[in-house]
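Notes follow once the structure below has been shown.
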Amino acid sequence: MTYLWLALGGALGTLGRYAVSGWVYDRFGPGPLGIFVVNVTGAFLIGLFLELADGRALLSPRLRQFLALGVLGGYTTFSTLSYETMK
């Protein structure tokens with residue numbers, strides 16, 4: 001069941017990455033800026049979420065995995081930045 005939740009979260013994160021990087025591309029033109037914005041915002045959100053989840057909110061480990069590893073892990077990806085830079 002864990003794999004299913006991670007896959008669902010990853011799919012949602014991928015759609016978010018596509019939407020945000022596409023918006024940046026439409027607004028500022030071609031280049032790696034969209035994926036850079038995604039990676040910076042994603043890293044910030046992962047850090048913020050894990051800090052809040054550990055310190056203040058008592059969330060189940062499964063929900064943490066779904067959000068941090070699935071959604072935000074699918075949202076950020078260094079390999080996409082590398083590909084866009086080389087392109």
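Residues A43 and T76 share a closest heavy-atom pair of N-CG2, 3.9 Å. Looking at every heavy atom in both residues, V38 comes nearest to V20 through CG2-CG1, 3.7 Å.
The side chain to side chain donor-acceptor pair (under 3.5 Å) search around T14 returns none, not counting sequence neighbours. In this view, L63 and L59, S60, F66, L67 satisfy the side-chain contact (heavy atoms from CB on, under 4.5 Å) rule, not counting sequence neighbours.
A continuous path of ILVMFWY side-chain contacts below 4.5 Å connects L4 to L72, so both sit in one hydrophobic cluster. A continuous path of Ile, Leu, Val, Met, Phe, Trp and Tyr side chains, each step under 4.5 Å between heavy atoms, connects L52 with F49, placing both in one hydrophobic cluster. A continuous path of ILVMFWY side-chain contacts below 4.5 Å connects L45 to L8, so both sit in one hydrophobic cluster.
Tested against V37 for a side chain to side chain contact (heavy atoms under 4.5 Å, CB included), the candidates T41, N39, V40, I35 yield a single pass: T41.
When hydrophobic side chains of Ile, Leu, Val, Met, Phe, Trp and Tyr are connected at separations under 4.5 Å, L69 ends up clustered with L6. Within the hydrophobic cluster formed by Ile, Leu, Val, Met, Phe, Trp and Tyr side chains joined at under 4.5 Å, directly or through other members, Y3 stands alone, with no partner residue.
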**Report entry** side-chain contact (heavy atoms from CB on, under 4.5 Å) evaluation trace for V71 with Y75
**Finding:** CA-CA 6 Å; V71 175; Y75 178 74; 5.5 Å; no

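Residues R62 and W5 have side chains in contact (heavy-atom distance under 4.5 Å, counting atoms from C-beta outward).
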Extract all donor-acceptor atom pairs below 3.5 Å that involve side chains of residues 22-29 and protein atoms in other chains or at least two apart in sequence.
none

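Of the possible donor and acceptor atoms, none in the side chain of R64 sits under 3.5 Å from a partner among the backbone N and O of L50.
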